[in-house]
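In the text below, chain A, chain B and the rest are named by the order of the sequence lines, each starting its count at 1.
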Amino acid sequence: MPELPEVETVRRGLAPVMEGRRFEHVQLNRADIRFPFPDDFIGRLQGAVLERLSRRAKFLVAELSSGETLLMHLGMSGRFVIETGSWPPDSGTHNPKHDHVVFTMSGDDKTMSGKDRPLIIYNDPRRFGFMELLKAGDKGRMAELGPEPLSNSFSGPVLHAALRAKKAPIKSALLDQRIVAGLGNIYVCEALYGAHISPLRLSNTLSEDECEFLSADIKSTLALAIEAGGSTLKDFAAVDGALGYFQHRFKVYDQKGKACPDKHCGGTISRIKQSGRSSFYCDMCQK
DNA sequence: AGGGGGACCTGTGCGC
DNA sequence: TGCGCACAGGTCCCCC
């Protein structure tokens, strides 16, 4: 999926065409993606105003005037495309085969005529994404999330405390959304490289200092990626189709066989499997 | 109870 | 060119 920086980039792209607008029409092209859509999904959305679009970890969180909250998760290959007019889009800019949800938002009367209302199209070839509608106070699938990495609730001491009782490799622990919420495979690899920590290290062996470095590196890696507009991967594009460019800055992710970016190191980036997923690292400078 | 592996899907890129 | 396999950003569920 889109990891935290990509979801934040999507949020920033969607906010101007969704916040303060009413769901005039909701179209579902199938009954389920990863999970079935909520009961009466269309009826509960149509007519409601999307008051605020925020983000928690990798979830998009839309607060509605009805009092309910729409959660949207992009899974591995979900993306949003903004169009105007009617579905299917006639622009030919994308294949509508995997368009699963189409939101037609109310127009801004000052600048848009009726037929120019924004269409927000959810496209997801692998269908690992999902949407939930929550009543007030219900956190749904966000219930177990750990601290938001860019907030003050996440720090070296907080990380150290969370890792203390964990025996799993640090790579697995950082992917565990209960430890810290929003990291995925790419940014875990990148942050561990920055902190000079091997993905193979067992979580409970990290010192307080190492946790301080690691938490700082997680924050800086994510902040830099958000600033760059999210990474561009095969299945990800910013909602307006603009390409991000953080991919050109990956130091280790998908860099197997390349020289360690640290000129003084002289190591080579390896790829190993951990819990069925690829880890990229330099065994010369990550210990 | 924590942790590892498989499942859920489609698409792409590679080697033969 | 075509086929088959490996692999892909995430999460959930089952089993040890």
Side-chain angles (χ1 to χ4, degrees), chain A residues 1-11 29-36 55-60 71-80 94-100 122-132 139-146 149 162-192 199-204 218 221-222 225-226 228-239 243-250 252-257 271-280:
Chain A
M1 145 196 185
E3 301 182 29
L4 186 154
E6 290 75 30
V7 177
E8 177 59 23
T9 301
V10 169
R11 188 197 68 76
N29 294 331
R30 49 182 302 133
D32 58 74
I33 36 180
R34 172 77 196 260
F35 306 112
R55 179 191 56 73
R56 169 78 168 105
K58 304 171 194 173
F59 290 82
L60 289 166
L71 287 194
M72 296 175 282
H73 195 293
L74 304 174
M76 291 275 256
S77 59
R79 66 188 188 125
F80 283 98
H94 83 285
N95 182 348
K97 178 175 173 188
H98 300 295
D99 288 351
H100 307 310
Y122 180 68
N123 179 284
D124 186 356
R126 295 178 73 180
R127 305 202 298 272
F128 289 165
F130 51 88
M131 296 190 186
E132 281 191 292
K139 303 227 166 188
R141 293 175 195 278
M142 295 195 302
E144 306 274 296
L145 292 178
L163 296 178
R164 217 185 184 109
K166 280 200 97 72
K167 294 198 292 193
I170 185 63
K171 168 71 189 302
S172 315
L174 293 180
L175 286 174
D176 184 340
Q177 303 294 296
R178 296 169 301 182
I179 303 286
V180 56
L183 295 179
N185 208 31
I186 293 178
Y187 297 109
V188 167
C189 291
E190 294 294 302
L192 285 171
L200 294 164
R201 278 280 297 286
L202 299 187
S203 302
N204 58 9
I218 287 168
T221 302
L222 294 176
I226 291 172
S231 311
T232 296
L233 291 154
K234 283 194 280 292
D235 296 317
F236 172 77
V239 283
L243 301 181
Y245 50 88
F246 192 72
Q247 62 173 343
H248 301 304
R249 298 190 194 174
F250 289 159
V252 292
Y253 183 82
D254 207 21
Q255 304 300 311
K256 181 188 171 187
R271 182 176 78 182
I272 59 170
K273 280 277 183 198
Q274 291 183 281
S275 308
R277 311 193 64 189
S278 291
S279 294
F280 297 88

_Just N and O in the side chain of R34(A): are any of them under 4.0 Å from OP1 or OP2 of dA7(B)?_
no

*Is the shortest side-chain N/O distance from H98(A) to OP1 or OP2 of dC9(B) below 4.0 Å?*
no

*Could you tell me whether the phosphate oxygens of dA8(C), OP1 or OP2, come under 4.0 Å of any side-chain nitrogen or oxygen in K273(A)?*
yes

*Taking atom types as modelled and ignoring hydrogens, do the side chains of S279(A) and Q274(A) form a donor-acceptor contact shorter than 3.5 angstrom?*
yes

*How is R141(A) classified with respect to the nucleic acid when contacts are heavy atoms under 4.0 Å: base, sugar-phosphate, or nothing?*
sugar-phosphate

*Minimum-distance nucleotide (side-chain atoms of P169(A) versus dG10(C), dC7(C), dG4(B))*: dG4(B)

*Examine dT11(C): is either OP1 or OP2 under 4.0 Å from a nitrogen or oxygen in the side chain of K58(A)? Give yes or no.*
yes

*With no hydrogens and no angle check, is any side-chain donor or acceptor of E3(A) less than 3.5 Å from a backbone partner on Y187(A)?*
yes

*Where the side chain of Q177(A) is concerned, which of dG4(B), dT11(C), dG3(B) is the nearest nucleotide?*
dT11(C)

*Please determine if a side-chain N or O atom of K167(A) lies less than 4.0 Å away from the OP1 or OP2 oxygen of dG3(B).*
no

_Donor-acceptor contact below 3.5 Å, side chain Q177(A) vs main chain G182(A)_ = yes

*Between which residue ranges does DNA chain B form stems of three or more consecutive Watson-Crick or G-U wobble pairs, both distances under 3.5 Å?*
B:2-8 with C:10-16, B:10-16 with C:2-8

*May I ask you to check whether N185(A) and K171(A) show a side-chain donor-acceptor distance below 3.5 Å?*
yes

*Are the ring of F128(A) and the six-membered base ring of dC8(B) within the stacking cut-offs of under 5.5 Å and under 30°?*
yes

*Hey, does the side-chain of R127(A) have a donor or acceptor N/O within less than 3.5 Å of a partner on the base of dC9(B)?*
no

*Is any side-chain N or O of R277(A) closer than 4.0 Å to OP1 or OP2 of dG5(B)?*
no

*Short side-chain N/O contact to dG4(B) OP1/OP2 from S275(A), under 4.0 Å*: yes

